[in-house]
Amino acid sequence: MKASIIVPTYNERENLKILVERIANSLKEREYEIIVVDDNSPDGTWKLAQDLAQFYPIRLIKREGKRGLASAVVDGFSYATGHCFVVMDADLQHPPELVPELIDAIEGGADLAIASRYVKGGGIRGWSHFRRFISMGAVWLARIFLTSVRDPMSGFFALKRDVIEGVDLRPRGYKILLEILVKGKYSRVVEIPYIFEPRKLGQSKLNKKQYVEYLKHLISLMRYKGELQRLLKFTIVGVPGVLVNEGLLFILTELLSIHYLLSALLSTECSILSNFTLNDLWTFKNRRDRGIKRFFKRAIKSNLGFGIGVLINLFILFALTENAKVHYLISNLLGIIAAFIWNFLISIRWIWK
Ligand code: UDP
Ligand code: MG
């Protein structure tokens, strides 16, 4: 299977030659092309690519003006002639020696093969705590809402051509893999561990603006998948839940003269059940399995999950009010927010998985 290695470059003059040599060494016996997509690098990376094309199977796309990483990759796809596409950075942070393994995985039947930092054996060398933290947060958000892949932020991956054939990719920012994971047509994904090495030559082009871009991208993909709508429904369902809780508490305590703590317990249970029912019928309609047994299983899970949510709320209310001397209404608000986040996570990751 012919492989097209797509390499976006912007000011990578110092790295390109070494990269091409190492790719060529790793792919000796195979049929391949290297597509360099250069955004008109001021350092003349494109000129070097032209020179190298005399000795290596390089094809150059020189774009006018800097238009960004993800769109460079998509332009590379449309130019590629292979049946297996490999995407990698030019700066040697992605070891070219892994490329054959990625291609083998595709030839072995995988639709997507991702070089992954977040599976066993993978990792990152040389990042600050700050950058690690940001990256973990980004991965975490993507995994909650969009994908079960462990490293959806990877910029180093291979795919079958068919995965994106006819798919309307809207590249923005840095994270083209995430776009493919949400919109592409695939069934088998493998992740192959690798160590993301520190950059030795040239400079990173990642800037703070990319963090905001990423969040916008995430939200647009959530909308595309219907997950934003789901979050909204889940929030809306919370409102009648509160009304049931408050209303019953009032009725039981005032009209039936039950002790208010016992009333609170009963009304909380009723609001859990009403939240469960509405979420089951509406929010997670497209995710629930049929059958009465499954229904009861979800109901029991909800009682456990949302029950813990109530405890979280109470714990925060108590701890902040008693220890941090926060006003109890503010403590309660913070408790409600924490419980809401917990409830949502437990719902999508466990109850309606
Ligand atoms: N890159 C690009 N256009 C851009 C930004 C980056 O072609 O607008 C290329 C860059 O030359 C490198 C790869 O994308 O080959 C990854 O960029 P960088 O190393 O700056 O990102 P980091 O590894 O720091 O996340
Ligand atoms: Mg880099």
Side-chain angles (χ1 to χ4, degrees), residues 5-26 34-53 56 58-76 86-99 114-118 122-139 151-157 171-179 194-218:
I5 324 286
I6 292 149
V7 183
T9 57
Y10 188 74
N11 286 351
E12 301 290 357
R13 203 182 160 79
E14 295 151 289
N15 290 310
L16 191 64
K17 184 155 185 270
I18 309 171
L19 176 85
V20 169
E21 280 167 358
R22 280 173 61 183
I23 293 177
N25 261 328
S26 314
I34 300 174
I35 299 191
V36 174
V37 190
D38 189 78
D39 276 346
N40 206 2
S41 300
D43 79 348
T45 305
W46 52 274
K47 221 185 284 150
L48 177 61
Q50 273 174 346
D51 294 344
L52 289 169
Y56 299 96
I58 294 178
R59 297 168 64 212
L60 171 70
I61 308 179
K62 184 174 168 235
R63 309 194 306 167
E64 294 303 320
K66 194 167 179 298
R67 281 160 39 211
L69 180 51
S71 80
V73 172
V74 172
D75 279 358
V86 180
V87 177
M88 71 188 297
D89 291 353
D91 56 4
L92 305 170
Q93 296 194 274
H94 298 152
E97 291 67 30
L98 198 70
V99 172
I114 300 169
S116 174
R117 297 161 297 180
Y118 301 118
I124 293 162
R125 250 198 286 276
W127 268 10
S128 65
H129 286 300
F130 178 71
R131 187 143 184 213
R132 263 174 215 276
F133 176 76
I134 294 283
S135 176
M136 284 306 286
V139 166
D151 192 357
M153 302 292 121
S154 180
F156 189 15
F157 55 93
R172 65 191 292 171
Y174 256 51
K175 302 304 173 193
I176 186 63
L177 176 59
L178 195 60
E179 181 88 9
Y194 86 105
I195 306 280
F196 188 76
E197 296 288 349
R199 187 192 256 274
K200 296 197 184 76
L201 300 165
Q203 267 166 13
S204 169
K205 286 99 205 170
L206 187 79
N207 53 34
K208 299 259 151 48
K209 216 180 101 203
Q210 292 304 335
Y211 300 154
V212 181
E213 268 304 302
Y214 170 67
L215 287 179
K216 286 192 199 156
H217 192 194
L218 183 89

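Atoms considered below: every heavy atom in the structure, side chains included; atoms not considered: hydrogens, waters and symmetry mates.
- Once rounded to the nearest 0.5 Å, the distance linking CG of Leu52 with CD of Gln50 reads 10.5 Å.
- Rounded to the nearest 0.5 angstrom, Ile176 CD1 and His217 NE2 are separated by 7.0 Å.
- For Arg199 against Leu201, the heavy-atom pair with the smallest separation is NH1-O, 3.0 Å.
- At distances below 3.5 Å, at least one donor-acceptor pair connects side-chain atoms of Ser154 with backbone N or O atoms of Ala115.
- Scanning both residues, Leu92 and Arg22, for their nearest heavy atoms gives CD2-NH1, 4.1 Å.
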Take Phe156 and Val99, measure what side-chain contact (heavy atoms from CB on, under 4.5 Å) needs, and give me the verdict at the end.
CA-CA 9 Å; Phe156 189 15; Val99 172; 4.0 Å; yes
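- Atoms CG and OG1, from Asn40 and Thr45 in turn, are 10.0 Å apart once rounded to the nearest 0.5 Å.
- Heavy-atom contacts from other residues, nucleotides or ligands closer than 6.0 Å to OH of Tyr211 number more than 12.
- Under the 3.5 Å distance criterion, the side-chain polar atoms of Gln93 are left unmatched by any main-chain donor or acceptor of Pro198.
- Atom CH2 of residue Trp127 and atom CD1 of residue Ile134 lie 10.5 Å apart, to the nearest 0.5 angstrom.
- The two residues Leu48 and Lys17 have their closest heavy-atom pair at CD2-N, 4.3 Å.
- Using a distance-only test at 3.5 Å, with no hydrogens or angles considered, a donor-acceptor pair links the side chain of Lys205 to the main chain of Tyr10.
- Under the 4.5 Å side-chain criterion, counting only non-hydrogen atoms from C-beta, Met88 is not in contact with Leu98.
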Output, in order, the C-alpha distance, side-chain angles, deciding distance and verdict of side-chain contact (heavy atoms from CB on, under 4.5 Å) for Phe196 and His94.
CA-CA 6 Å; Phe196 188 76; His94 298 152; 3.5 Å; yes
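- Minimum interatomic distance between Asp43 and Glu12 (heavy atoms only, all atoms of both residues): OD2-N, 3.4 Å.
- Taken to the nearest 0.5 Å, the CZ atom of Arg117 stands 8.5 Å off from the CE atom of Met153.
- At least one donor-acceptor pair closer than 3.5 Å links the side chain of Arg132 to the backbone N or O of Ile124.
- Of the inter-residue distances, the one linking Lys175 atom NZ with Leu69 atom CG reads 8.0 Å to the nearest 0.5 angstrom.
- With hydrogens and angles ignored, the 3.5 Å screen pairs a side-chain donor or acceptor of Tyr214 with a backbone N or O of Ala138.
- Side-chain contact between Asn11 and Gln203 is absent, with no heavy-atom pair separated by less than 4.5 Å.
- Residue Thr9 forms a side chain to side chain contact (heavy atoms under 4.5 Å, CB included) with just one option from Val36, Val37, Leu60, Leu19, and that option is Val36.
- Formation of a donor-acceptor pair under 3.5 Å by the Asp39 side chain with backbone atoms of Arg67 is found in this model.
- When the salt bridge (charged side-chain N to carboxylate O under 4.0 Å, His left out) test is applied to Asp38, no partner is found at least two apart in sequence or on another chain.
- When all heavy atoms of Pro96 and Ser26 are compared, the closest pair comes out as O-OG, 3.6 Å.
- Within 6.0 Å of NZ on Lys62 lie more than 12 heavy atoms contributed by other residues, nucleotides or ligands.
- Counting heavy atoms from C-beta on, the side chains of Glu179 and Val74 never come closer than 4.5 Å.
- Asp151 approaches Leu177 most closely through the heavy-atom pair O-CD2, 3.8 Å.
- A donor-acceptor pair shorter than 3.5 Å can be found between the side chains of Arg63 and Ser71.
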